[in-house]
Amino acid sequence: MIKDEMVWDLSQLVESTDLASIQKKLESMIAEAEKIRDTYHGKIESLGAKGLLELLEMKDAYTLKFEGVIMYCRLMYSADSTNDVAKQLNDAARKASMRADQALAFIDIELGKLLAENPLLVTDAVLSEYKHYLERILRRVPHMLSETEERLIIAKDKNGISAWEMLQNDWLSTRTFDIEIEGQKKTLQYGEMVGLYQSPDRDLRKRANQVVYEGLGKDDIVWASAIRAVCEDHVQMCEMRKYPTPMTQSLIANDVDQQIVDSLVNTIKKNVGLYQRYLRLKAKLMGLNKLANYDAVAPLPNAPKMGYAWREVRKHVVDAYVEFDKETGGWVDEMFERRHIDGEVRKGKASGAFCSSWLAGKSAYVLQSFNGKMGDVYTQAHELGHAVHAYLGSRAQKPSNYEIGSCIAETGSVFGELLLTERLLSEAKTKEEKQAILATVLDEFGMAAFQVSARVFFEQSMYDAIKRGEFLDGEAVAKLWVAARDMIYGDSVDWLGVMKWEWTMKVHYYIPNYRFYNYPYVFAQLFVFALYRLYKEQGQSFVPKLKSLLAAGSSKSPRELATELGFDITEEAFWEKGMTQANEFIDMLEKTLD
Ligand SMILES: [Zn+2]
């Protein structure tokens, strides 16, 4: 019985689960996309406000109409990639989506041209619901090149920066490492070695780090060539596309501006002492004089081995949300009740966890592998926070206004984790339990807000070095990384010498057109801590404010969303609220030592 409860019911996504009917629906998805193309291709540039509204509404209706069938195929595959039917359907859905996307690709291009010529359309009253959607397109327009140039870039990237990315990926995933575990010599892949970093055995953690980074450092010529090519290419593209700084492309993609990122980064710089205080406290909890780099996110040695049952967790998580708001808690409960969560551990299931918004159904689906550990409880609260975001957003917005950028996307989820923390702390019976809960929250906060900030400094310093005409070989890049890292950690952590090669394995640095992927994580973490602080200060009157923020989806920029809460996120005072909250958690942890 309990087993069924932990398996999701995907049949709600489609009218019929009959294979032929699903195939037919996918075919009509392509046919309808082609019909839209036949109607509008070459004609968008001459549309007026009313005509444009019709097009956008039709596009949104189209998205909603076929969302369910695509989700059905994809989710079925993520639940069990060894299932032959799932394989077949996932492939069919992928092909159908690709063909539909190809057919509709002209819309964005023609829309860009239309807005470039008639920028006033953006503020036309008829299009008010799509205002911010159009603003975002308009912001990209000055950086678009001619069709021939864009095609040329795609062609040269394929064997240019995309090939470097692939080399980094393939090289990393095919490295093997020799290590002794419990007296046995083993040869492990990179992914398996990473699992050892969280081992309760300190010596094993140390050796795992040593072996991995010593190995990676030997190939510095490969990593340096790849990272240099990707960064230098970006500098050239910025020139061609008239981006004033290397960060501009990312600012546009994340719907923020330089002022916001500056105030965020300055707040981090001013508060490195807070993070270092936590790291020193953690050393004490671990019985060490100082943390080594392989201890920073390791579990506490005396953490109680708590096991949670599915129903007990459901109660914890639902109650945590109910405590915040009855309606929100009701939706979280509905996720369990309607079996929209797949928690069962099975072979062939996708690793990690995710939440897929189901806008047409005004709900969501969550996947995780539930093993009953505290981390699994947090994952569940996190993913259900995404679901709450979807419940609110799908009720208030059209799909075009629910394309949520990375800065805001984690608001519901991380907020949910803090609600869970409150609940778990209130029920914790021992000092060790409290310490384990607080360390979980603070480890995550420290990584997302501070460790990731080191990566922001590092990336910026690479572009500065390129601008100065410096040649970035492996040692030069390593020097930049160590300098950025030390800005955050000071002398609070001892680093193995080989940790200078930490930048070599970070896939994100090598992904073309994904520059400055990092500060949105810092933004998201500190944003939610600040919001949680406001909730603590304002109590129930804050609840509708957070709900309307989530309900706004992408219909407003992060700056506007904060303004509605009465805050200016270009000012450090807002971000300091997040630090105040973190400081309070650190105080609570410190008190457990008395
Ligand atoms: Zn998330």
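Note that the numbering runs from 1 along the sequence shown for the chain. For the numbers below, each heavy atom of this structure counts, side chains included, while hydrogens, waters and symmetry mates do not.
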Decide if atom CD of E15 counts as having more than 12 heavy atoms of other residues, nucleotides or ligands within a radius under 6.0 Å.
-> no
Between Q249 and H143, is a side chain to side chain donor-acceptor pair (under 3.5 Å) present by the stated rule, with each step listed?
-> CA-CA 9 Å; Q249 182 191 35; H143 309 291; over 6 Å; no
Might you work through the side chain to side chain donor-acceptor pair (under 3.5 Å) test for D60 and Y130, ending with a clear yes or no?
-> CA-CA 11 Å; D60 276 337; Y130 288 98; 2.7 Å; yes
Before accepting this row, confirm whether a basic side-chain N of the pair K349/E344 lies closer than 4.0 Å to the acidic partner's carboxylate O.
-> no
Under-4.0 Å salt bridge between D84 and K87 = yes
Non-neighbouring partners of E422 that pass side chain to side chain donor-acceptor pair (under 3.5 Å), sequence neighbours left out = Y532, K536
E410: partners by side chain to side chain donor-acceptor pair (under 3.5 Å), with sequence neighbours left out = H382, H386, S413
Does the pair E135/K131 count as a salt bridge with the N-to-O cut at 4.0 Å?
-> yes
Does R99 come within less than 4.0 Å of E27, counting only side-chain N to carboxylate O?
-> no
Any donor and acceptor pair, going by atom type alone, linking the side chain of Y365 with main-chain N or O of D9 inside 3.5 Å?
-> yes
Find the distance between CD1 (I107) and CD1 (I36) and round it off to the nearest 0.5 Å.
-> 6.0 Å
Is it true that F527 and F523 have ring centroids separated by less than 6.0 Å?
-> yes
Report all side-chain donor-acceptor pairs from residues 314-321 shorter than 3.5 Å, counting only partners two or more places apart or in another chain.
{"from": "R314", "atom 1": "NE", "to": "D333", "atom 2": "OD1", "distance (Å)": "3.3"}
{"from": "R314", "atom 1": "NH2", "to": "D333", "atom 2": "OD1", "distance (Å)": "3.1"}
{"from": "R314", "atom 1": "NH2", "to": "E337", "atom 2": "OE1", "distance (Å)": "2.6"}
{"from": "K315", "atom 1": "NZ", "to": "D319", "atom 2": "OD2", "distance (Å)": "2.8"}
{"from": "D319", "atom 1": "OD2", "to": "R423", "atom 2": "NH2", "distance (Å)": "3.4"}
{"from": "Y321", "atom 1": "OH", "to": "A381", "atom 2": "O", "distance (Å)": "2.7"}
{"from": "Y321", "atom 1": "OH", "to": "G385", "atom 2": "N", "distance (Å)": "3.1"}

Carboxylate-amine/guanidinium contact R94 D91, below 4.0 Å | yes
